[in-house]
Amino acid sequence: MMYRRVFNYPWRFRSMFEEIERMRQMMDRWLGETEGILPMTRAGVFPLVNVTENKDNFFIRAELPGVEKEDLDIQATTNSVSISGERKIPAEDEGARYHRREREAGKFSRVITLGADIQPDKVEANLKNGVLTVTVPKAEIAKPKQISIK
Amino acid sequence: MAQTETKALKPKEKQEVMTPAEQTSPGAVFTPNVDIFETETKITILADMPGVKPEDLSIDLRDNTLTLKGDIAPVEGPDEEDVLIEYETGKYFRQFTLSEVIDQDKIDAQLQNGVLHLTLPKVEKATPRKIVVKTE
């Protein structure tokens, strides 16, 4: 029964993994807090991202060395940002002998779901020295409000 | 060849290195991924060093040892809190021993989009000549 349910509904399958991943992140956070170490979790999808936030914005950063800005596609919805693109490595002249080949070319696509609503029309992206920074303004409703005590 | 490749990229964990000398400044040190290829006249090294500014990169060649060092400045603002951390940032360090004799005056280095392009031309003498073996 379970088998059929899981495999007939791929989205169910996916949300199950997301749930596990979320639990794992929470666990890591608790453990990390006691040690004073940052939670390190990996979704296993390229590019690896670091997400930070301040009062007004989320910042999504990814290391994309050698990716041209023309080959990047960034889209935003009300609570997620998708980063996709292709890393191209130009072919070398014939007759070149390779000694090392550690850099890889290929396509990538990743969706980052943020914990609060955002303003998709005000998202800005900046690619500098191979590091992509996406600045995502939070929606007014998601920003913390200072409450004055009367 | 590269144009037709459409395989999906897999995330690669950065490899931390132990530098031969002890670090005087704190922070992790990683080894950059490199491509090295050689033609008859030159050796080319491409190294991924995202986050390194041209002025923070040092390339040193002495006694046939090439040293690449890259420092990075933190990009986060002071009021930012971490939400999800998947990769670490740190310095880059890698050394190579070059067997060929390099023309040090003609070394060319360019840093573009976080990728270092280093061209090391071989000295004239080292370009191979075909040696005919005579038989009697």
Side-chain angles (χ1 to χ4, degrees), chain A residues 25 32 38-69 85-110 112 114-115 127-133, chain B residues 1-15 30-54 56-57 70 72-73 75-89 94 96 99 111-117:
Chain A
Q25 279 190 22
L38 293 171
M40 290 286 283
T41 52
R42 285 185 179 83
V45 181
F46 188 94
L48 294 179
V49 294
N50 281 356
V51 183
T52 60
E53 67 174 328
N54 63 15
K55 220 154 50 112
D56 304 317
N57 299 297
F58 284 107
F59 300 94
I60 302 169
R61 293 191 178 86
E63 294 186 331
L64 297 168
V67 177
E68 301 286 340
K69 68 171 193 275
E86 187 174 358
R87 186 180 188 209
K88 294 171 183 164
I89 293 180
E92 284 312 318
D93 343 332
E94 279 178 42
R97 282 187 298 136
Y98 271 91
H99 295 303
R100 288 262 200 297
R101 210 157 188 188
E102 299 167 354
R103 302 165 69 242
E104 287 171 23
K107 288 189 173 169
F108 55 87
S109 175
R110 177 154 190 195
I112 298 118
L114 297 156
L127 186 64
K128 201 177 169 196
N129 295 322
V131 179
L132 173 74
T133 303
Chain B
M1 187 192 81
Q3 275 79 4
T4 54
E5 259 181 72
T6 50
K7 76 176 174 147
L9 276 171
K10 292 254 159 53
K12 216 171 178 180
E13 189 136 348
K14 280 189 179 178
Q15 274 188 304
F30 298 100
T31 170
N33 288 326
V34 297
D35 281 356
I36 302 177
F37 46 86
E38 182 178 349
T39 62
E40 284 184 6
T41 53
K42 64 178 197 245
I43 297 171
T44 308
I45 298 178
L46 304 178
D48 287 345
M49 299 172 118
V52 178
K53 294 187 197 119
D56 294 335
L57 178 68
I72 60 144
V75 284
E76 287 89 8
D79 58 341
E80 289 177 32
E81 279 177 46
D82 294 328
V83 177
L84 171 71
I85 301 298
E86 289 186 334
Y87 69 85
E88 287 178 275
T89 52
R94 196 152 175 177
F96 301 100
S99 52
L111 191 61
Q112 275 174 349
N113 287 334
V115 181
L116 169 70
H117 296 247

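Owing to the predicted nature of the structure, the values given are computational and were not obtained by experimental measurement. Per chain, numbering begins at 1; letters A, B, ... match sequence-line order. FYI, side chains are in, hydrogens and waters are out, and symmetry mates aren't considered; it's all heavy atoms of this structure.
Rounded to the nearest 0.5 Å, atoms CZ (Phe59(A)) and CG (Asp82(B)) are 12.0 Å apart. With rounding to the nearest 0.5 Å, the separation of CZ in Phe58(A) from CD in Glu80(B) is 11.5 Å. Here the CD-CG distance, from Glu102(A) to Asp48(B), works out to 9.0 Å after rounding to the nearest 0.5 Å. Rounded to the nearest 0.5 Å, atoms CG (Leu48(A)) and NZ (Lys14(B)) are 9.5 Å apart. Rounded to the nearest 0.5 Å, atoms CD (Glu63(A)) and CD (Glu88(B)) are 10.5 Å apart. With rounding to the nearest 0.5 Å, the separation of CG in Leu84(B) from CD in Glu53(A) is 11.5 Å.
In this structure, the side chain of Glu38(B) does not engage the main chain of Arg97(A) through any donor-acceptor pair within 3.5 Å. Panel note: side chain Asp79(B), backbone Asn54(A); no donor-acceptor pair is recorded below 3.5 Å.
Across every non-hydrogen atom of Val67(A) and Asn113(B), the tightest pair is O-ND2, 3.8 Å. Minimum interatomic distance between Pro65(A) and Val115(B) (heavy atoms only, all atoms of both residues): C-CG2, 3.7 Å.
Residue Lys53(B) touches chain A through both its backbone and its side chain, counting heavy-atom pairs closer than 4.5 Å. Contact annotation for Leu46(B): both backbone and side-chain heavy atoms come within less than 4.5 Å of a heavy atom of chain A. In this structure, chain A has a heavy atom under 4.5 Å from the side chain of Pro54(B), while its backbone stays farther away. With a 4.5 angstrom heavy-atom cutoff, Val52(B) touches chain A only via backbone atoms.
Residue with the most contacts toward chain B among Val131(A), Leu64(A), Asn57(A): Val131(A) (heavy-atom pairs, distance under 4.5 Å). With chain B as the partner, the residue from Ala96(A), Pro47(A), Gly115(A) showing the most heavy-atom pairs under 4.5 Å is Ala96(A).
A 4.5 Å side-chain heavy-atom check between Leu9(B) and Lys107(A) finds every atom pair outside the cut-off.
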**Item:** Stepwise side-chain contact (heavy atoms from CB on, under 4.5 Å) test for Asn50(A) and Glu86(B)
**Value:** CA-CA 6 Å; Asn50(A) 281 356; Glu86(B) 289 186 334; 4.3 Å; yes
